[in-house]
Amino acid sequence: MAAINPGNWTLQEKIGQLIVVRASGFLFDHQIRYPAWEAPNQTLQTWLTNLNLGGVILLGGSGAELALRTAQLQSWASTPLLLAADIEEGVGQRFSGATWFPPPMTLGSIAEQNLDLAKQYAKQMGEVIAQEALAVGLNWILAPIADVNNNPNNPVINVRAFGETPEIVGTLVREFITGTQQFPVLNSAKHFPGHGDTSTDSHLHLPVIPHTIKRLETVEIPPFQQAIAQGVDSVMTAHILVPAWDDSNPATLSPAILTGQLRQKLGFEGIIVTDALIMGGITEIASPGEVAIRALEAGVDILLMPPNPVPVITAIAEAVESGRLTEERIEQSLQRVLTAKEKLAPAPDPNNFTINLQTGPGRKLVDQILTAALQSGGDLPIANLGDQPGKNLVIVDDLLTADFLDRACPALTLPVKGGYTVKILTPELLEHYPLGQNPFLLQVFIRGNPFRGTAGLTSATQALYRQCLTHPSLQGLIVYGSPYVLDWFQTQMAELCPHLPWAFSHGQMPQAQAIAIVQLFGWQDLSSQSVQDRVFTT
């Protein structure tokens with residue numbers, strides 16, 4: 001991307017470059033899924049044309065549609081945009097059709113057995129995500145997560161982290177960044193100074209990290225040091241309170257943490273970006289304008305997802321005019337943003353993909369990672385029922401957000417070959433579902449996710465699953481998502497049903513389903529082609 005000359009910009013236009021707003025990845029207003037956060041096209045176009053905004057963070061739509069959407073957004077902007085997405089698990093995590101990787105903790109589990117293989121996969125994962133991001137017009141990968149998830153009850157980081165130790169997390173973070181650096185995109189280590197040991201979701205409320213400085217410097221900080229040493233482009237803040245460094249301000253608003261620790265002590269010179277400013281952990285603190293001013297005072301360069309950029313720009317400009325902020329402070333952040341933009345490639349032709357999302361290396365790599373991390377046990381394989389009717393009970397937290405399920409996905413279609421017809425339930429529905437005497441298969445999809453509020457099983461769901469495990473008609477179990485939930489099931493199975501056939505996959509996407517089910521039924525080898533043949537001939 002060519003150098004940008006801000007010489008004639010007004011103060012407001014300079015401030016605009018420090019703001020990244022949220023938008024739908026869908027092309028049309030009637031497709032907007034989160035109207036509280038995603039402006040309609042007319043408003044969005046006005047913002048991009050008149051406010052000189054720095055960028056847009058996107059969610060929703062297909063990979064192919066996103067290529068058109070990103071080109072549209074760039075055409076509306078007066079200055080080339082940063083186009084970002086939270087694609088920790090691949091472009092396909094957010095935009096269907098592209099490659100969807102299992103959560104990063106999958107690589108952490110591989111690292112415990114074979115660190116070199118995990119490093120190879122982390123680097124290749126970074127490469128694939130960067131290539132596919134460029135193909136659809138994205139240029140800022142809001143990954144990798146550098147948090148150390150040493151709290152199994154963490155509701156928001158959980159399997160999104162590479163692991164539970166700073167050594168594994170730091171190593172894989174560095175390899176992921178290395179993979180992305182082969183391409184003209186930006187990356188981002190998050191969430192500084194470490195969101196791994198919380199039991200509160202910062203999307204909902206402000207968590208507290210109560211640890212000593214010594215503990216922070218030996219557990220939470222090392223992966224960020226690794227990321228900085230590797231030349232990470234940006235670091236995202238965490239909406240968390242860390243009293244050892246600042247007992248008054250969350251990290252996002254803390255000069256002691258962002259300037260004192262990140263800039264001065266760790267020597268980070270790139271972009272500091274806030275986590276989303278619509279999250280409960282920060283909106284509880286002050287008004288959007290005041291939050292933005294305090295973030296800039298703390299050392300932030302980019303304000304991510306303020307509810308509305310107009311009053312935020314006005315508030316910051318007034319703070320400059322009153323002397324609370326200086327124009328030099330705005331210029332510092334502006335220069336970091338413009339320097340980062342110079343690294344980026346020109347926007348791609350939306351009709352000329354630089355990589356084919358279907359036949360590129362991504363899907364094969366996903367199969368390799370899933371297969372290497374797959375766990376199973378009990379008296380495999382599960383019994384084939386023949387003509388005897390059985391039920392395939394698929395349990396999800398929320399039917400409306402289960403985007404890993406559709407009518408053709410392997411979790412629903414493959415068990416039919418073994419004699420099991422599907423029934424999709426939530427835990428609340430399972431409580432009232434009559435298990436009866438017919439054989440049944442239990443598939444449980446559960447993992448920590450933003451806004452979920454909890455990471456694992458409640459006491460009520462534990463009681464339900466214990467009933468299932470003691471039922472004589474249960475034929476097999478598959479758990480998708482959280483290894484912490486698997487730990488609970490393994491403890492119960494050891495006591496109640498030690499011979500029960502079971503399988504576990506960190507991934508929940510269709511590829512993960514196919515590999516786990518083939519393993520459970522023992523149909524054939526786990527090669528990529530055999531799994532895909534099994535899916536597409538169902």
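Positions are given from 1, in the same order as the sequence printed here. Just so we're clear, the structure is a prediction, and the values are computed from it rather than from any experiment.
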Can you measure from NE2 (His191) to OG1 (Thr237) and round to the nearest 0.5 angstrom?
8.5 Å
Check: Thr171 side chain, Ile168 main-chain N or O, donor-acceptor pair, under 3.5 Å
no
Any chance the side chains of Asn52 and Thr79 put a donor and an acceptor closer than 3.5 Å?
yes
Show, in sequence, the C-alpha distance, side-chain angles and deciding distance for Ser234 and Trp140, and conclude whether the side-chain hydrogen bond (donor to acceptor under 3.5 Å, both in side chains) test is met.
CA-CA 9 Å; Ser234 63; Trp140 192 5; 3.2 Å; yes
Test your reading of the model: is there a side-chain donor-acceptor pair from Lys190 to the backbone of Ala143, 3.5 Å cut-off?
no
Using the rule given for side-chain contact (heavy atoms from CB on, under 4.5 Å), can you reason through Phe224 versus Val169, listing the C-alpha separation, both sets of side-chain angles and the distance that settles it, and then say yes or no?
CA-CA 9 Å; Phe224 291 97; Val169 173; over 6 Å; no
Any donor-acceptor N/O pair, Gln261 side chain to Ile257 backbone, under 3.5 Å
no
Between Ser24 and Phe26, is there a donor-acceptor pair closer than 3.5 Å when you use the side chain of the first and the backbone of the second?
yes
When you check the gap from the basic side-chain N to the acidic O, do Asp397 and Arg447 get nearer than 4.0 Å?
no
Verdict with supporting geometry, Phe504 and Phe489, side-chain contact (heavy atoms from CB on, under 4.5 Å)
CA-CA 10 Å; Phe504 168 75; Phe489 272 104; over 6 Å; no
Salt bridge check: are Arg294 and Asp246 linked by an N-O gap of less than 4.0 Å?
no
N-O pairing of Arg94 and Glu88 below 4.0 Å
no
Quick check: closest heavy atoms across Pro361 and Val128, and the distance to 0.1 Å?
CG-CG2, 4.1 Å
List the atom of Gly299, the atom of Arg329, and the distance in Å for their closest heavy-atom pair.
C-NH2, 3.3 Å
Closer than 3.5 angstrom, by distance alone: can the side chain of Asn139 be matched with the main-chain N or O of Leu83 as a donor-acceptor pair?
yes
Take Leu73 and Leu58, measure what side-chain contact (heavy atoms from CB on, under 4.5 Å) needs, and give me the verdict at the end.
CA-CA 11 Å; Leu73 296 175; Leu58 293 139; 3.7 Å; yes
Would a distance-only check, ignoring hydrogens and angles, find a side-chain to backbone donor-acceptor pair under 3.5 Å from Thr43 to Ala39?
no
Please determine whether side-chain contact (heavy atoms from CB on, under 4.5 Å) holds for the pair Leu59 and Arg22, giving the CA-CA distance in whole Å, both sets of side-chain angles, and the decisive distance to 0.1 Å.
CA-CA 8 Å; Leu59 174 64; Arg22 166 76 173 264; 3.1 Å; yes
Minimum heavy-atom separation for Leu117 to Ala372, with atom names?
CD2-CB, 4.5 Å
Any chance you could lay out the side-chain hydrogen bond (donor to acceptor under 3.5 Å, both in side chains) test for Gln181 and Gln230, step after step, and finish with the verdict?
CA-CA 9 Å; Gln181 286 173 328; Gln230 188 55 41; 2.9 Å; yes
Under 3.5 Å: donor-acceptor pair, side chain of Asp301, backbone of Ile272
yes
Would you compute the distance between atom CG of Leu82 and atom CD1 of Ile302 and round it to the nearest 0.5 angstrom?
5.5 Å
If you take all heavy atoms of Thr426 and Ile395, which pair is closest and at what distance?
C-CG2, 4.1 Å
Which heavy atom of Glu127 sits nearest a heavy atom of Gly179, and at what distance?
CG-O, 3.5 Å
Between the side chains of Asp233 and Lys343, is the shortest nitrogen-to-carboxylate-oxygen separation below 4.0 Å, so that they form an ion pair?
yes
Thr461 vs Thr458, side-chain hydrogen bond (donor to acceptor under 3.5 Å, both in side chains): CA-CA, chis, key distance, verdict
CA-CA 5 Å; Thr461 54; Thr458 66; 3.2 Å; yes
Going by distance alone, is a donor N or O of one side chain under 3.5 Å from an acceptor N or O of the other, for Tyr121 and Asn114?
no
Polar side-chain atom of Arg324 near backbone of Val320 as donor-acceptor pair, under 3.5 Å
no
Go through Ser254 and Asn249 one step at a time and tell me if the side-chain hydrogen bond (donor to acceptor under 3.5 Å, both in side chains) criterion holds.
CA-CA 5 Å; Ser254 172; Asn249 303 297; 5.2 Å; no
Could you tell me whether Arg336 and Glu269 have a side-chain N and a carboxylate O separated by less than 4.0 Å?
no
Tell me whether Arg33 is salt-bridged to Glu38, with the criterion being a basic N under 4.0 Å from an acidic carboxylate O.
no
